[in-house]
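Since we're looking at a predicted model, the values are computed, not measured.
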Amino acid sequence: MKNSDPHSQPLFQLRQFSFYYQGQEQAVIDQLSLSLFADEITLLMGASGAGKSTLALCLNGLYPEAVEGKTEGVILYQGKPTQAYAKGLLNQKVGIVFQDPESQFCMIRVEDELAFVLENLAVPREDMQAQIQAALELVGMEDYLYHRIHDLSGGQKQKIALASVLLMKPDYLILDEPTANLDPVSRLEFIEVIIKVQKEKQQGILVIEHQAEDWVERADRMVVFNQASQVIIDDQPAKVFANYQDILHAQRIALPPAYLKRQSLPQSSPTAAVPVMEVQQLAFRHRSQSILHDVSFFIYPGELLAILGENGAGKSTLLQLLTRLKQPLEGEITFQQKPLAQWSEYELRQRTGFVFQQPEHQFICDTVYQEITFGMEVNEMPSAYIENRAAALLRLLDLEQHQFQNPFMLSGGQKRRLSVATMLDETPEILFFDEPTYGQDAQTTKELLGIIDNLQQQGTAVVMVTHDMELVAQHCQRAIVLSEGGIVFDGPPCHLWKENQLLDKARLRAPYHERVTQKAATIG
């Protein structure tokens, strides 16, 4: 690591630091001691719910002030307790890109959002345009100055969030799962932007991630939390993954593909003669912009279908059309041989399920338990059934200890698991996921995929939008690739990995082992 010198002065020093939400006896962060330095990239990993995002908000000064909570111990920033800094100063010095970028936007348009940041910094108006343009160019979003933020894809929003933070010229940068919503090529480009910023400014960066593949060779240091947010490993990333695999497995941390054996390929798609859903010549426009055109395909019972493509390709829009949350401009969708438009809302929601990209969009109750049981109560299920089914889902998705907590107070990974649980009170005929593994640790991802496998065996068709090519290679029987508004590939993933020009066009990357095999064949 860069800071092996014992006399090197840390930027942050945490001494026996603990954080509690008000009314909770168990600490979210429990007696944490840790130093962070100004000139290194630190990769922070741990199970979902281990307190990683909470730590980020404490370092940034938002916690405990922004929530009802209390702290014990101390956090020193440049040798001074964080609470000794003037209100708002630490927020500027320690920039953070949140797990959900939408949570930090205040304005409607990109230009207004970035100008708002500069206005709060008292930057003269005549200097704003140049600074905004430079920030957008740095993150590759210079063509989106006048776009509405709401119209951007999840990955594009993440880049705008980074640009807004960089405008504050922070001394330290925290990235909370910064690449989870990015397509594979954009993920690499985003990481290279971060590396460029770090090298130019010798800036300290803390990266919170569940998927470390692209950070192993780039991060200087890796810190691993246990469930009590205590440091159990602190070393160089390559050494951690090579030497501590049993501990990482126990802490629900995914090993990068380079440290895993190649997995067996999924079985071929089901050969049922009658599709559960048919899509014919679908087209959709948003204002004057064509998003999708002439999209046609079938979905069969019991298959796991991945929808792939670059950020902004229309993947989430397609899911919303398939679930009737949006209406197509042209074309027709039939579900069980009946036009989708002719299904009653009640019957359609009974037989299909949709898990949003942002889980908060589907929460409507005050507690986790109420959220899980809401649909069962609406459907007038017997109380004994509701109680038993809710207990099983809470146990299955590791939410038992959070059942009386407000859903919005959960970690990102816990929110995702809850959003899945709300869709599983019955076995739907078709289930749609928008980024199902976003924010999930290795064990929860495995459990979610086990649930999906069980649903498939019962005949449920599962359609997922994902940027996780390893997941596609190991679990999906079929993949559809969207590019420039249309379908450019529809077939088994093993065939897709050989289409290098198509992958480049759609900003996708073949999985690690496939890339290694192709490279070896080229050298040979």
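The side-chain hydrogen bond (donor to acceptor under 3.5 Å, both in side chains) test with Lys157 is passed by exactly one of Glu102, His150, Gln104: Glu102. If you run side chain to side chain contact (heavy atoms under 4.5 Å, CB included) between Phe225 and each of Leu32, Ile232, Ile208, only Leu32 comes through. Under the salt bridge (charged side-chain N to carboxylate O under 4.0 Å, His left out) rule, Arg509 has a single partner from Asp214, Asp504, Asp468, which is Asp214.
Side-chain atoms of Thr460 come within 3.5 Å of backbone N or O of Pro428 as a donor-acceptor pair. With hydrogens and angles disregarded, no donor-acceptor distance shorter than 3.5 Å links the side chain of Ser186 to the backbone of Asp183. Using a distance-only test at 3.5 Å, with no hydrogens or angles considered, a donor-acceptor pair links the side chain of Gln245 to the main chain of Phe241. Under the 3.5 Å distance criterion, the side-chain polar atoms of Gln405 are left unmatched by any main-chain donor or acceptor of Val368. The main-chain N or O of Glu332 is never found under 3.5 Å from a side-chain atom of Gln280 such that the two would form a donor-acceptor pair. Using a distance-only test at 3.5 Å, with no hydrogens or angles considered, a donor-acceptor pair links the side chain of Ser229 to the main chain of Val28. Looking at Gln403, its side chain does come within 3.5 Å of a backbone N or O of Glu400 through a donor-acceptor pair. Not a single donor-acceptor pair under 3.5 Å links the side chain of Asn454 to the backbone N or O of Gly450. No donor-acceptor distance shorter than 3.5 angstrom exists from the side chain of His467 to the backbone of Pro184, with no hydrogens or angles considered. Remark: side-chain polar atoms of His402 are not paired, donor with acceptor, to backbone N or O of Met409 under 3.5 angstrom.
Using a 4.5 Å heavy-atom threshold, the side chains of Ile451 and Glu447 count as separate. In this structure the side chain of Val488 never reaches within 4.5 angstrom of the side chain of Leu482, judged on heavy atoms. Asp176 places none of its side-chain heavy atoms less than 4.5 Å from the side chain of Val97. Side chains of Leu329 and Leu292 form no contact here, defined as non-hydrogen atoms less than 4.5 Å apart. Using a 4.5 Å cut-off on side-chain heavy atoms (C-beta onward), Phe105 and Ile160 make contact. Using a 4.5 Å heavy-atom threshold, the side chains of Ile247 and Ile253 count as separate. Contact annotation: the side chain of Thr42 never approaches that of Val207 to less than 4.5 Å [non-hydrogen atoms, C-beta and beyond]. Side-chain atoms of Leu394 and Tyr369, non-hydrogen and from C-beta on, do get closer than 4.5 Å to each other.
Rounded to the nearest 0.5 Å, atoms CD (Gln456) and CD (Gln458) are 11.0 Å apart. We find the CD1-CG distance between Ile430 and Leu322 to be 7.0 Å, quoted to the nearest 0.5 Å. Atom CZ in Phe356 sits 9.5 Å away from atom CG in Asp434 (nearest 0.5 Å). One finds the CG atom of Leu248 at 12.0 Å from the CG atom of Asp441 (value rounded to the nearest 0.5 Å). Rounding to the nearest 0.5 Å places CD of Gln370 at 14.0 Å from OG1 of Thr422. How far CG of Leu418 is from CG of Leu397: 8.5 Å, rounded to the nearest 0.5 Å.
Between Phe19 and Tyr21, the two ring planes are perpendicular [angle over 60°; tilted spans 30° to 60°]. Relative orientation of the Phe354 and Phe432 rings is perpendicular, given thresholds of 30° and 60° on the angle between their planes.
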Worked check of side-chain contact (heavy atoms from CB on, under 4.5 Å) between Met277 and Glu429: CA-CA 10 Å; Met277 183 169 280; Glu429 293 168 45; over 6 Å; no
Applying side-chain contact (heavy atoms from CB on, under 4.5 Å), run through Arg515 and Trp497 and close with a yes or a no. CA-CA 9 Å; Arg515 299 199 305 270; Trp497 312 138; over 6 Å; no
Decide yes or no on side chain to side chain donor-acceptor pair (under 3.5 Å) for Ser316 and Glu435, but give the supporting numbers first. CA-CA 9 Å; Ser316 295; Glu435 293 289 352; over 6 Å; no
Quick one, Ile149 with Val110, criterion side-chain contact (heavy atoms from CB on, under 4.5 Å). Give me CA distance, side-chain angles, the key distance, then yes/no. CA-CA 6 Å; Ile149 294 175; Val110 169; 4.0 Å; yes
What do the steps show when you test Glu330 against Arg285 for salt bridge (Lys or Arg N to Asp or Glu O under 4.0 Å), and what is the final call? CA-CA 9 Å; Glu330 298 174 359; Arg285 298 178 68 88; over 6 Å; no
Does the side-chain contact (heavy atoms from CB on, under 4.5 Å) test come out yes or no for Ser296 and Val279, once each step is laid out? CA-CA 5 Å; Ser296 300; Val279 181; 5.7 Å; no
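A 6.0 Å sphere centred on CD of Gln457 holds more than 12 heavy atoms belonging to other residues, nucleotides or ligands. The local environment of CZ in Phe297 is crowded, with over 12 non-hydrogen atoms from other residues, nucleotides or ligands closer than 6.0 Å. Open room surrounds CZ on Phe374; 12 or fewer heavy atoms of other groups in view lie less than 6.0 Å from it. The neighbour count for Asp246 CG, taken as heavy atoms of other residues, nucleotides or ligands under 6.0 Å away, does not exceed 12. Counting heavy-atom neighbours within 6.0 Å of His286 NE2, excluding the residue itself, gives a total above 12. Residue Phe489 places its CZ atom among more than 12 non-hydrogen atoms of other residues, nucleotides or ligands, all under 6.0 Å distant. Within 6.0 Å of NZ on Lys338 lie more than 12 heavy atoms contributed by other residues, nucleotides or ligands. Atom CD of Gln281 has 12 or fewer heavy atoms from other residues, nucleotides or ligands within 6.0 Å.
Summarising the geometry of Trp343 relative to Gln336, their closest heavy-atom pair is CZ2-CB, 4.0 Å, with the distance given to 0.1 Å. Heavy-atom minimum distance, Glu209 versus Thr179: OE2-OG1, 2.8 Å. Contact detail for Thr466 and Ala306: the closest heavy-atom pair is CG2-CB, 4.5 Å. The minimum heavy-atom distance between Phe284 and Pro328, with the atom names listed, is CD1-CA, 4.4 Å. Minimum interatomic distance between Pro436 and Val465 (heavy atoms only, all atoms of both residues): CD-O, 3.5 Å. Smallest separation of non-hydrogen atoms from Ala461 and Ile299: CB-CG2, 3.8 Å.
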Taking distance alone, no hydrogens or angles, what donor-acceptor pairs closer than 3.5 Å link side-chain atoms of residues 45-52 to residues at least two apart or in another chain?
unit_1	atom_1	unit_2	atom_2	d
Ser48	OG	Arg417	NH1	3.4
Lys52	NZ	Gly46	O	3.1
Lys52	NZ	Ala47	O	2.9

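A salt bridge does not link Glu310 with Lys505: every distance from a Lys NZ or Arg NE/NH1/NH2 to an Asp or Glu carboxylate oxygen is 4.0 Å or more. Taking a cutoff of 4.0 Å between a charged side-chain nitrogen and a carboxylate oxygen, Glu213 and Arg187 do not qualify as a salt bridge.
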